[in-house]
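This chain uses plain numbering: 1 for the first residue, then up along the sequence.
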Amino acid sequence: MVMEKIYKRSLIALIYNVVIMAFGVFAAVVISSVIGKTIIAVGVAAVIIVWALINIYRGARTKVILNGDKLFIYDGKREFDYNMNRIQLSSEQINNDTFYLYVNTDDGENEVFDLSFLGVMKFNELIEDLGVVGEKSEAIKLHVDK
């Protein structure tokens with residue numbers, strides 16, 4: 001029997017990203033109002049707020065499902081379906097708040113998924129379950145040229 005594991009956003013990571021984006025919007029408004037006129041500051045703020053809301057919405061909808069040898073990644077409106085036997089995975093963590101999963105297929109396609117909204121604990125659990133790190137991961141063989 002194959003057990004399905006679902007990884008969804010973390011409420012703490014969601015709140016953290018909203019706060020960081022709010023500070024970014026505030027800083028952009030202050031800087032643009034000092035440099036330019038009020039109308040420019042309002043325009044810059046509007047663009048940044050829309051961009052931040054889109055990123056928060058996409059991040060909140062991010063979901064990863066691991067079901068046996070199948071990997072499903074839902075990134076905003078995009079859906080990806082992978083066979084675990086036909087992909088190579090790697091990951092990157094930056095400052096325990098930004099997390100990327102890299103998927104390289106046998107066809108040569110490369111995708112990068114920002115999984116920051118999963119939070120550090122869920123992301124670490126995911127990459128261990130995927131075999132990127134931990135006991136399931138493959139040993140790296142080094143060759144020395146003499």
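Leu115 and Phe117 fall into different hydrophobic clusters, where Ile, Leu, Val, Met, Phe, Trp and Tyr are joined by side-chain heavy atoms under 4.5 Å apart, directly or via other members. At a threshold of 4.5 Å between side-chain heavy atoms, the hydrophobic network of Ile, Leu, Val, Met, Phe, Trp and Tyr places Val18 and Leu11 in one connected group. A chain of hydrophobic side-chain contacts below 4.5 Å, direct or via other Ile, Leu, Val, Met, Phe, Trp or Tyr residues, connects Val132 to Leu126.
In this structure, the side chain to side chain contact (heavy atoms under 4.5 Å, CB included) partners of Ile49, at least two apart in sequence or on a different chain, are Val25, Leu53. With sequence neighbours excluded, the residues that form a salt bridge (Lys or Arg N to Asp or Glu O under 4.0 Å) with Arg86 are Asp106, Asp107. With sequence neighbours left out, the side-chain hydrogen bond (donor to acceptor under 3.5 Å, both in side chains) criterion links Asp75 to Arg58, Arg78. The ring pair (Phe, Tyr, Trp, His ring centres under 6.0 Å) search around Phe123 returns Phe99, not counting sequence neighbours. Residues forming a side-chain hydrogen bond (donor to acceptor under 3.5 Å, both in side chains) with Tyr57 (at least two apart in sequence, or on another chain): Arg61. Checked against side-chain hydrogen bond (donor to acceptor under 3.5 Å, both in side chains), Asp81 has the following partners two or more places apart in sequence or in another chain: Lys70. Take Tyr100 and apply the side-chain hydrogen bond (donor to acceptor under 3.5 Å, both in side chains) test, not counting sequence neighbours, and it matches no residue.
Nearest heavy-atom pair, Asn67 versus Glu4, reported as atom, atom and distance to 0.1 Å: ND2-OE2, 3.3 Å. Residues Ala13 and Ser116 approach most closely at CB-O, 3.7 Å, considering heavy atoms. Shown here for Ile56 and Met21, the closest heavy-atom pair between the two residues is CG1-SD, 3.5 Å.
The other residues sharing a hydrophobic cluster with Tyr16 are Ile20, where clustering joins ILVMFWY side chains under 4.5 Å apart. Side-chain contacts under 4.5 Å among hydrophobic residues (ILVMFWY), followed directly or transitively, place Ile54 together with Val50.
To the nearest 0.5 Å, atoms CG (Leu14) and OG1 (Thr62) are separated by 10.5 Å.
Sequence neighbours left out, not one pair with a member in residues 16-30 passes salt bridge (charged side-chain N to carboxylate O under 4.0 Å, His left out). Every pair passing ring-ring contact (aromatic ring centres under 6.0 Å, His included) that includes a residue from residues 65-85 is listed here, sequence neighbours excluded: Phe80-Phe113. The list of salt bridge (charged side-chain N to carboxylate O under 4.0 Å, His left out) pairs with a residue in residues 110-125, not counting sequence neighbours, reads Lys5-Glu125.
Enclosure of atom CE in Met121 is not indicated, since only 12 or fewer non-hydrogen atoms of other residues, nucleotides or ligands lie within 6.0 angstrom.
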(request) Using the side-chain contact (heavy atoms from CB on, under 4.5 Å) rule, take Leu101 and Val112 through it: C-alpha gap first, then chi angles, then the decisive distance, then the call. (result) CA-CA 6 Å; Leu101 181 68; Val112 179; over 6 Å; no
(request) Begin from the C-alpha positions of Val103 and Asn110 and carry the test side-chain contact (heavy atoms from CB on, under 4.5 Å) through to its verdict. (result) CA-CA 6 Å; Val103 179; Asn110 302 317; over 6 Å; no
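Here the side chains of Ser10 and Leu118 are not in contact, with every heavy-atom distance at 4.5 Å or above. Within the 4.5 Å cutoff, the side chain of Met84 has heavy atoms near those of the Leu89 side chain. Residues Ile6 and Val64 have side chains not in contact (no heavy-atom distance under 4.5 Å, counting atoms from C-beta outward).
In terms of modelled atom types and a separation under 3.5 Å, the side chain of Asn83 and the main chain of Asn85 share a donor-acceptor contact.
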